[in-house]
Amino acid sequence: MNWLTDQNARPARTPDYRISLQGQIITPRFRGRVESLRLTDRRGLEADQLDLVLTDDDGALALPPRGAELTLAIGWGGEALVERGTFIVDEVEHSGAPDRLSIRARSADMRGSLPGKRTQSWHKLTVGDIVTTIAKRHVLAPKVGRNLAGIRIQHIDQTDESDLNFLTRLAERYDAVATVKAGNLLFIPAGTATTSSGLEIPPVQIRRGDGDQHRYVVSDRDSYTGVIAYWNDASGAKRQEVIAGSGDNAKRLRPTYASADDALAAAQAEWQRIQRGHAEFSLTLAEGQPGLYPETPAWLIGWKREIEETPWIITEVTHDLSGSAYTNGLQFEIRNSDAQAPY
């Protein structure tokens, strides 16, 4: 054995976590019992999800009540843990033999968020006005991207529809992401790697040596050259159209919008989505990074030239802790940006 090599070898890292139940740290009770811990962090108005599987061979574990509040921090032993949020238990399962306790919890911000169907017409208002009204209705703080807040909407109807569904539809119209985080209702551009105040999110560099498995897919997605949207010209009593991109082989949107501006915004948003969807990338990180979040821009280094030169953005992150392993599963799409590779 070469003792110099042994001495210089990097010490093995051990995954670590901290879990609190109703404000009380319960991590010591879980030590040695966690078979798996998975956190799935998504963008948009879809709840983040925490899944825990615990061994209960001795029958000593109590079943947590539905509605109980869990907080989670994850990372590596000897390093500062990263707080990942608060979750509400909504599913509990006990199975055996061997006996196991499975707990599923969803982000507290989104559990039952923006409920209740309502009918309302929004007329000659900005996106900022609409998001602010809905945020106040649910005791949330509105955070709207600068480029979105001032967009004026001629008319849009919310008919027997929850605020959650309506905001999702509004976000799709403007190629935005609507989500609730830490008591804030965020409405920000999709794929642009910016915060609600317009600040750029710092990019991360991920090298092939960091990864375990990857998958890259590129497609023509029906080879659309643009998007056509229609609007109702009341003065001329006929339907008009606008185009984003080229009309050679354009996708046609079904709705008829109230104004040319509304129609053009919808066409541009769909055209951006089509362009982002031309390629996608997925990757498993061999060593998890607890500070990764959706909407973080990324450069992928060490793969094919086409992959390296593409500006990517993370759309979903999973954190998997099991035994001595902590890995990330990452989903990427093309970023809406003219960013240049950092080399």
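Residues take their numbers from the sequence shown, with the count starting at 1.
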State, to 0.1 Å, how close [X] and [Y] come at their nearest heavy-atom pair, and which atoms those are.
X      : Y      : answer
Leu21  : Ala68  : CD1-CB, 3.7 Å
Ile103 : Pro64  : CD1-CG, 3.7 Å
Ser20  : Ile25  : OG-CG1, 3.5 Å
Ile243 : Leu264 : O-CD1, 4.0 Å
Trp76  : Gly288 : NE1-O, 3.0 Å
Pro189 : Glu295 : O-OE1, 3.9 Å

Let's go through Leu170 and Ile153 carefully: what are the C-alpha distance in whole Å and the side-chain angles of both, what is the deciding distance for side-chain contact (heavy atoms from CB on, under 4.5 Å) to 0.1 Å, and is it a yes or a no?
CA-CA 10 Å; Leu170 187 65; Ile153 297 176; 3.6 Å; yes
According to a hydrophobic-cluster definition based on side-chain heavy atoms being under 4.5 Å apart (Ile, Leu, Val, Met, Phe, Trp, Tyr only), do [X] and [Y] belong together?
X      : Y      : result
Tyr174 : Leu125 : yes
Val53  : Leu61  : no
Leu52  : Leu81  : no
Val227 : Tyr230 : no
Val82  : Ile201 : no

Are the side chain of [X] and the backbone N or O of [Y] linked by a donor-acceptor pair below 3.5 Å?
X      : Y      : value
Asp262 : Gln154 : yes
Thr126 : Ile151 : no
Thr119 : Asp160 : yes
Ser246 : Gly226 : no

Can you measure from [atom1] ([X]) to [atom2] ([Y]) and round to the nearest 0.5 angstrom?
X      : Y      : atom1 : atom2 : result
Arg43  : Glu333 : CZ    : CD    : 4.0 Å
Gln213 : Leu285 : CD    : CG    : 12.0 Å
Glu309 : Trp303 : CD    : CH2   : 15.0 Å
Glu91  : Arg66  : CD    : CZ    : 9.5 Å
Arg173 : Tyr257 : CZ    : OH    : 5.5 Å
Ser102 : Asp56  : OG    : CG    : 10.5 Å

Heavy-atom neighbours of [X] [atom1] exceed 12 at 6.0 Å:
X      : atom1 : value
Arg38  : CZ    : no
Asn147 : CG    : no
Glu306 : CD    : yes

Whether the Arg207 and Gln205 side chains hold a donor-acceptor pair (N or O, under 3.5 Å, no angle test) is what I'd like checked.
yes
Is a side-chain donor-acceptor pair under 3.5 Å present for Ser121 with Asp157?
yes
For Tyr293, does the six-membered ring have the charged nitrogen or CZ of Arg84 within the cation-pi criterion, i.e. under 6.0 angstrom from the centroid and within 45° of the normal?
yes
Is NZ or CZ of Arg335 both nearer than 6.0 Å to the six-membered ring centre of Trp312 and within 45° of the ring axis?
no
Between [Y] and [X], is there a side-chain heavy-atom distance shorter than 4.5 Å?
X      : Y      : value
Leu72  : Arg18  : no
Val127 : Val131 : yes
Ile88  : Glu69  : yes
Ile74  : Pro15  : no
Arg118 : Asp163 : yes
Ile19  : Leu70  : yes
Asp51  : Leu37  : no
Ile228 : Leu253 : no

Electrostatic pair Arg100-Glu35, nearest N-O below 4.0 angstrom:
yes
Do the charged groups of Arg208 and Glu308 touch, with an N to O distance under 4.0 Å?
no
Which residues pass the salt bridge (Lys or Arg N to Asp or Glu O under 4.0 Å) test with Asp129, sequence neighbours left out?
none
Run the salt bridge (Lys or Arg N to Asp or Glu O under 4.0 Å) test against Glu161 and tell me which residues pass, sequence neighbours left out.
Arg169
Sequence neighbours excluded and cut-off under 3.5 Å, please list the side-chain donor-acceptor pairs for residues 323-330, or say none.
residue: Tyr326; atom: OH; partner: His319; partner atom: ND1; Å: 2.8
residue: Asn328; atom: OD1; partner: Gln289; partner atom: N; Å: 2.5
residue: Asn328; atom: ND2; partner: Thr318; partner atom: O; Å: 3.3
residue: Asn328; atom: ND2; partner: His319; partner atom: ND1; Å: 3.0

side-chain contact (heavy atoms from CB on, under 4.5 Å) for Arg104 and Leu50? Distances and angles first, verdict last.
CA-CA 6 Å; Arg104 175 164 292 173; Leu50 173 63; over 6 Å; no
Could you go step by step and tell me if Thr55 and Asp99 meet the side-chain contact (heavy atoms from CB on, under 4.5 Å) rule?
CA-CA 6 Å; Thr55 60; Asp99 283 9; over 6 Å; no
For residues 146-171, which residue pairs pass the ring pair (Phe, Tyr, Trp, His ring centres under 6.0 Å) check, not counting sequence neighbours?
Trp122-Phe166, His123-His155
Check the pair Leu39, Phe87 against side-chain contact (heavy atoms from CB on, under 4.5 Å), reporting the backbone distance first and the verdict last.
CA-CA 10 Å; Leu39 169 64; Phe87 304 84; 3.5 Å; yes
Hits for ring pair (Phe, Tyr, Trp, His ring centres under 6.0 Å) against Phe332, two or more places apart or cross-chain, chain-then-number order -> Phe281
Which residues pass the side chain to side chain donor-acceptor pair (under 3.5 Å) test with Arg33, sequence neighbours left out?
Asp58
